[in-house]
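Please read all numbers here as calculations on a predicted model, not as lab measurements. Just so it is clear: chains get the letters A, B, ... in the order the sequence lines come, proteins before strands, and each one is counted from 1.
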There are 2 protein chains.
Amino acid sequence: MTDTKNNTKRRIIEAANSLFYMTGIRATSVDAIAEKAGITKRTLYYHFQSKDELITEYLSSRDQLNLHVYKKWFDEQEGDITDKIRAVFNGIAEITSHPKWRGCGFQRTAGELANKPGHPAIKAASLHKKNVESWLSEEFCHGSLKNAEVTARYVFLLLEGALSTMLVHHDPVYIRESGNAAALLVAHEMPPEDH
Amino acid sequence: MTDTKNNTKRRIIEAANSLFYMTGIRATSVDAIAEKAGITKRTLYYHFQSKDELITEYLSSRDQLNLHVYKKWFDEQEGDITDKIRAVFNGIAEITSHPKWRGCGFQRTAGELANKPGHPAIKAASLHKKNVESWLSEEFCHGSLKNAEVTARYVFLLLEGALSTMLVHHDPVYIRESGNAAALLVAHEMPPEDH
DNA sequence: TTGTGTATACCGTATAGTGAGTGTACAAAA
DNA sequence: TTTTGTACACTCACTATACGGTATACACAA
């Protein structure tokens, strides 16, 4: 049945998501994923052609989910754009402080696959990051920022810097300070009546 | 002879450096390192207790080397601090555009070892990043910047963002724009007579 | 000077386990 | 009857590390 198929496939991706993220791509065996999904390895290979394909689908499945979290923090914050941007960084500071946080899955996967240029999973990571930047750019346009695109890129770069620094230092202060820098750059481009 | 010992040890670290960086930590076998160093695996284990120890020494050996490159770009650039900072980002844009560039080794190693909190190699990565930030802070102090420490952190975060973004997108434009943002934040803190 | 003990530096060969991916068979659904 | 989804048992290559053993060099006692 197609329904069963999708269900099994979803369970596999869920198991892959959890293990790839917590343990790392290379350190996670296909056996472990199959076991966690409650199926045989042979069944996994019925649904996916290879481990590489599974890696790619894992990352792709995270794209909109992660983006949605950022959007929620942004939208639910009262105030002007600097307040909303700060809210995103504060949100990140909070979730990355959780002991189960293991860095940005997209960055880490791209890092592990750095020896395989052109790997589809790297493209999935690239796409996700482009989506984050585009979203920022749109919000800044709607907010009538002067150099919306460039500013979005600055904020995006600070976001990436905050994430990768958190992975190394495990100190959320860096994320909040990154948010300060972002707010500063955004305020610099705000129309006069808002500031 | 101690001389021979150091020589062998250095050769091992050199081989480890090359393979760990190009291929990744987990994807590199101890066998491959021994072979590249031209020794037996038994000899490698005579000089190093474990693969983990080798990983740690590999990263530690890169700390001052990488920092020195940044310093050189900074020192050799004529002009004010914004010019010098831009020179650092331009230098990074150049080397990261080389086809053999595989991302920041410290970030990538921290990413691969994310499932082993407290791993000595992660501490080595953390130390290196602290050294980069401290160096920036010192330079900004000597340059009489107003909020030297905070500004150094901002620039550091942009640097990390530039490196991790380059790993995902392979587009050096991001690095130059990151340099623009850094220059902007630095200019904002410069004493009036210089600006 | 000669002999003996000990540390250094190295090699070749196991070993116990894990890795991704397959061949074949069986059951249920279409 | 054919297709679809699943399982068991397997291959073969690789992996970190352990073990047993050897050649050289130097220190000190006879």
Would you kindly check if the NZ (Lys) or CZ (Arg) of [X] is within the cone defined by 45 degrees around the ring axis of [Y] and under 6.0 Å from the six-membered ring centre?
{"X": "B:Lys130", "Y": "B:Phe156", "value": "no"}
{"X": "B:Arg108", "Y": "B:Phe20", "value": "no"}
{"X": "A:Arg153", "Y": "B:Tyr174", "value": "yes"}

Find the distance [X]:[atom1] to [N]:[atom2] and express it as a whole number of Å.
{"X": "B:Lys9", "N": "C:dA9", "atom1": "NZ", "atom2": "P", "answer": "10 Å"}
{"X": "B:Phe48", "N": "C:dC10", "atom1": "CZ", "atom2": "C1'", "answer": "15 Å"}
{"X": "B:Ile12", "N": "C:dA9", "atom1": "CD1", "atom2": "P", "answer": "11 Å"}
{"X": "A:Tyr45", "N": "D:dT11", "atom1": "OH", "atom2": "C1'", "answer": "14 Å"}
{"X": "A:Arg10", "N": "D:dG5", "atom1": "CZ", "atom2": "C1'", "answer": "16 Å"}

Note to self: Check A:Lys129 with A:Glu160, please: is the shortest side-chain N to carboxylate O separation under 4.0 Å?
What the structure shows: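 Judged by the 4.0 Å cut-off on N to carboxylate O distance, A:Glu160 and A:Lys129 do form a salt bridge.
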
Check: If you check every side-chain atom of B:Lys51, which of D:dT6, D:dT17, C:dT8 has the closest atom?
Finding: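 For B:Lys51, the side-chain atoms sit closest to D:dT17.
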
Check: Counting side-chain heavy atoms from CB outward, which of C:dA9, D:dT6, D:dT17 is closest to A:Thr8?
Finding: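 From the listed options, D:dT6 comes nearest.
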
Check: By a strict heavy-atom criterion of less than 4.0 Å, which residues belonging to residues 29-44 of chain A are in contact with DNA chain C?
Finding: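 Under 4.0 Å from DNA chain C: A:Ser29, A:Val30, A:Asp31, A:Lys41, A:Arg42.
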
Note to self: I'd like to know if the side chain of A:Ser50 pairs up with that of A:Asp52 as donor and acceptor (distance under 3.5 Å, no hydrogens or angles considered).
What the structure shows: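 Side-chain D/A pair, A:Ser50 to A:Asp52: absent.
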
Check: Does a donor on one side chain and an acceptor on the other come within less than 3.5 Å for A:Asp83 and A:Gln77?
Finding: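 Judged by distance alone, the side chains do not pair up.
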
Next item on the list: Indicate whether OP1 or OP2 belonging to D:dT6 is found under 4.0 Å from a side-chain N or O atom of A:Tyr46.
Entry: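 Looking at the OP1 and OP2 atoms of D:dT6, neither is under 4.0 Å from any side-chain N or O of A:Tyr46.
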
Next item on the list: Ignoring backbone atoms, test whether A:His47 places a side-chain nitrogen or oxygen under 4.0 Å from the OP1 or OP2 oxygen of D:dT4.
Entry: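 Checking A:His47 against D:dT4: no side-chain N or O falls below 4.0 Å of OP1 or OP2.
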
